[in-house]
Novice: 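Below is a structure I'd like to ask you about.
Throughout, protein chains are lettered first and strands after them, A, B, ... in sequence-line order, and every chain is numbered starting at 1.
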Amino acid sequence: MPELPEVETVCRGLREQLSAKSEVVSVALSRKKLREPMPKSLAAKLSGQAFIAVRRRAKYLLLDTENATVISHLGMSGSWRMAATDEAAQKHDHCRINFADGRSLIYHDPRRFGLLLLAELGAEQKSKWLKSLGLEPLSVDFTAAYMLQKAKRKSVAIKNFIMDQKIVVGVGNIYAAEALFHAGIRPQKLASRVDLASWQRLIAAIQNVLGDAIKHGGTTLRDYRNARGELGEFQAELFVYGRENENCKTCGSPIKWLKQTGRSSYFCKVCQK
DNA sequence: AAACCTCCCTGGGGGC
DNA sequence: TGCCCCCAGGGAGGTT
């Protein structure tokens, strides 16, 4: 589900919601496991603490107290919501963090592909989930020269390459399709065949589409909600994703669909070469 | 080493 | 209405 813009939107929302810095009084976990079991020590570690910062690395949310960091990944269907502590639980709620001010922060995840882990303060980057991650796409390090070098002698399609979290993080199936459209590059093109000028266009396209999606609060296809329970609005701005047989917004020709390594791709065969 | 495939889950939609 | 199959925003682990 959530790619960088959705996770960033949730991050900003949680930062605001947690700015009250109320102490945790208790934590309740469901018996179901997410991708990994949730740590039993969560209640003991968080009780008496307040969250002092909320950060994002790739598609991971990092919630800091003074002595630990909660690592959260939303998988395909995860969401966080703030509710009154006396509000009834919903099906698929898996973690409920109760604060002294009468509110509760709740992790909800029907498919349970998400993650909820605990790291010692400052040690989250050592987690196996974070240690091999590539560059942040909105950082100054993300350059055409870097991508050209990394793509050398790679026989993967460009779409798979820009979705490889070891190379660049945060780009998933929707925004890969959208960025390639805006850069005029077909998703099947080999990464090693993309020249420097094309990389410059593609990097600009990735940064623009991620930035615009953040401004629109992300894309809601089905499950995604921000920390206030609101939907994203970027789905109205999509040029190709999910638009098979609909007219290209630029040239009018029908958008094409293909399956690449098990995932749907969408492109315009006139606008993308 | 690199590039596929499979699997972890629930639920919604389409075809019959 | 029901059943069955396919699909979905991710990503680690296994296989070739």
Novice: Measure the CG-CG distance between Asn226(A) and Leu14(A) for me, rounded to the nearest 0.5 Å.
Specialist: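 So the gap between those two atoms works out to 9.0 Å.
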Novice: Between atom CG in Asn226(A) and atom C1' in dG9(C), what is the gap in whole Å?
Specialist: 16 Å
Novice: Expressed as a whole number of angstroms, how long is the span from Asp164(A):CG to dA1(B):C1'?
Specialist: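 Taking CG of Asp164(A) and C1' of dA1(B), I get 13 Å after rounding.
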Novice: Rounded to whole angstroms, how far apart are CG on Leu221(A) and C1' on dG9(C)?
Specialist: 6 Å
Novice: Expressed as a whole number of angstroms, how long is the span from Tyr175(A):OH to dA8(C):P?
Specialist: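 The answer, rounded to whole Å, is 17 Å.
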Novice: Nearest to the side chain of Ser155(A), heavy atoms from C-beta on, is which of dA8(C), dA3(B), dG11(C)?
Specialist: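 Out of dA8(C), dA3(B), dG11(C), the nucleotide with an atom closest to Ser155(A)'s side chain is dA3(B).
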Novice: Considering only atom P, compute the distance from dC7(C) to dC5(B) and round it to an integer number of Å.
Specialist: 14 Å
Novice: Separation of Arg263(A) atom CZ from dC4(B) atom P, in whole Å?
Specialist: 14 Å
Novice: Ignoring hydrogens and geometry beyond distance, is a side-chain donor-acceptor pair present between Trp257(A) and Ser265(A) at under 3.5 Å?
Specialist: no
Novice: Looking at Tyr266(A) and Phe239(A), would you say the former's side chain and the latter's main chain have a donor-acceptor pair under 3.5 Å?
Specialist: no
Novice: Among Lys159(A), Gln260(A), Glu3(A), exactly one meets side chain to side chain donor-acceptor pair (under 3.5 Å) together with Asn173(A). Which residue is that?
Specialist: Lys159(A)
Novice: For Leu231(A) and dG9(C), give me the distance from atom CG to atom C1', rounded to whole Å.
Specialist: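 In whole Å, dG9(C) C1' lies 14 Å from Leu231(A) CG.
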Novice: Write down the distance separating the P atoms in dT6(B) and dC6(C), rounded off to the nearest Å.
Specialist: 13 Å
Novice: For each nucleotide in nucleotides 8-13 of chain B, reading 5' to 3', give B when a protein heavy atom comes within less than 4.0 Å of its base, S when such contact involves only the sugar-phosphate, and - otherwise.
Specialist: BBBSS-
Novice: Give none if dC6(C) has no partner; otherwise give the nucleotide forming a Watson-Crick or G-U wobble pair with it, both distances under 3.5 Å.
Specialist: dG12(B)
Novice: Write down the distance between CE (Met163(A)) and P (dA3(B)), rounded to a whole number of angstrom.
Specialist: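 Whole-Å distance recorded here is 15 Å.
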Novice: Evaluate Trp129(A) against Glu36(A) for side chain to side chain donor-acceptor pair (under 3.5 Å), listing each step before the verdict.
Specialist: CA-CA 11 Å; Trp129(A) 299 90; Glu36(A) 287 188 358; 3.3 Å; yes
Novice: Check every atom of dG9(C), dA3(B), dA8(C) against the side chain of Ser264(A) and return the nucleotide holding the closest atom.
Specialist: dA8(C)
Novice: Among pairs that include at least one residue of residues 79-103 of chain A, which meet ring pair (Phe, Tyr, Trp, His ring centres under 6.0 Å), considering only residues two or more places apart or in two chains?
Specialist: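 Residue pairs with at least one partner in residues 79-103 of chain A: Trp80(A)-Tyr107(A).
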Novice: Reckon Lys166(A) touches a base, only the sugar-phosphate, or nothing at all at heavy-atom distances under 4.0 Å?
Specialist: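 Contact class for Lys166(A): none.
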Novice: Among the candidates dG10(C), dA3(B), dC4(B), find the nucleotide nearest to the side-chain atoms of Lys154(A).
Specialist: dA3(B)
Novice: Does any residue of residues 130-139 of chain A have a heavy atom under 4.0 Å from DNA chain C, and if so, which ones, in number order?
Specialist: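 Nothing qualifies; none.
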Novice: Would you say Gln272(A) and Lys269(A) are linked by a side-chain donor-acceptor pair, where the criterion is simply a distance under 3.5 Å?
Specialist: no
Novice: Can you confirm if the NZ or CZ of Lys256(A) lies within 45° of the ring axis of Phe267(A) and under 6.0 Å from the centre of its six-membered ring?
Specialist: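 No - Lys256(A) does not lie over the ring of Phe267(A) by the 6.0 Å and 45° rule.
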Novice: Hey, does the side chain of His216(A) reach the backbone of Gly218(A) with a donor-acceptor pair shorter than 3.5 angstrom?
Specialist: no
Novice: Can you check the Lys159(A) NZ to dC4(B) P distance for me, whole Å?
Specialist: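 Taking NZ of Lys159(A) and P of dC4(B), I get 12 Å after rounding.
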Novice: Indicate yes or no for a side-chain donor-acceptor contact from Asp212(A) to the backbone of Val209(A) under 3.5 Å, with no hydrogens or angles considered.
Specialist: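 Checking the backbone N and O of Val209(A) against the side chain of Asp212(A), no donor-acceptor pair under 3.5 Å is found.
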Novice: To the side chain of Lys128(A), which of dA3(B), dA12(C), dG10(C) is closest?
Specialist: dA12(C)
Novice: The side chain of Tyr241(A) lies closest to which of these nucleotides: dG9(C), dC4(B), dG11(C)?
Specialist: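 So the side chain of Tyr241(A) is nearest to dG9(C).
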Novice: Just N and O in the side chain of His73(A): are any of them under 4.0 Å from OP1 or OP2 of dG10(C)?
Specialist: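 Negative; the distance criterion is not met.
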